[in-house]
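Both counts, for ligands and for their atoms, begin at 1 and track the order of listing.
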Amino acid sequence: MISDNLRKVEQEIRDSCALVSRQPKDVTLIAVTKTVDTETTIELVQQGVTHLAENRMEKFLEKKEKMSAFSNVSWHFIGNLQRRKVKSVINEIDFFHALDSIKLASEIQKRATKKINCFVELNISGEESKHGIPPKELETFIQQLEPYDQICVVGLMTMAPFDSTIEEQHQLFAHLKTLQEDIERKKLPFAPCTETSMGMSNDFAIAIQEGATFVRVGTALFKE
Ligand SMILES: *Cc1c(COP(=O)(O)O)cnc(C)c1O
């Protein structure tokens, strides 16, 4: 049952916060609804979830259209967004979690009709299959974003490798947190960078212990 799953996830968020003396209100649960239909998504929203994430343009646009009555929902786009799809997607979302190239940034700049909240995606583990920029390129990348006045860098995003150990997950999420704080400290008007989007079904408890402010949870909410 979705409501039971949701209660379990919310409890785990509270427990993880308690472990490190954080406030649950400082962690936003994003329900990743990419594997479920509109009806199931609505069920979740009726249980009180207000942040939803999708990763495919067509499915996202269809779902958003069908759910237009739910005006309190914030829509997140996670995962790779091809440049030719930016035009159709970017003004429909509240947060974009996968900014990882200047080419993509200029396309967003060109197509945006409002300021877009973006997370810069980092590839911390160095896995070749992963999107995201390497940590050593982050500072330069952020500086290069300054001219793009339609982009607001709200934070950093990363994913842990599927087969990583708990110890490795701690290290990787702590690393993202450090990178985020380094940028935040610069107080750049175009990159406040106060947020970290990290943690999925398998590892959100660890990500919260390391300071995640947004967790992206799919499977744990929809499993039978
Ligand atoms: C699918 C996906 C998630 C959710 O993963 P689960 O393991 O199902 O919780 C989170 N983030 C990204 C970028 C995803 O693609």
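We find that Glu62 and Lys66 are joined by a salt bridge, their nearest charged nitrogen and carboxylate oxygen being less than 4.0 Å apart. Salt bridge present: Glu107 and Arg111 bring a charged side-chain N and a carboxylate O closer than 4.0 Å.
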Report task. List the steps, then state whether side-chain contact (heavy atoms from CB on, under 4.5 Å) holds for Ile2 with Phe222. Result -> CA-CA 6 Å; Ile2 284 186; Phe222 303 113; 4.0 Å; yes
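Closest non-hydrogen pair, Val36 versus Lys63, comes out as O-NZ, 2.8 Å.
Closer than 4.0 angstrom to ligand 1 sit non-hydrogen atoms from Val32, Lys34, Ile78, Met157, Met159, Met200, Ser201, Arg216, Val217, Gly218, Thr219.
Taking the side chain as every heavy atom from C-beta outward, Ser197 and Arg216 approach each other to under 4.5 Å.
Ring to ring, Phe214 and Phe119 are close: their centroids are under 6.0 angstrom apart.
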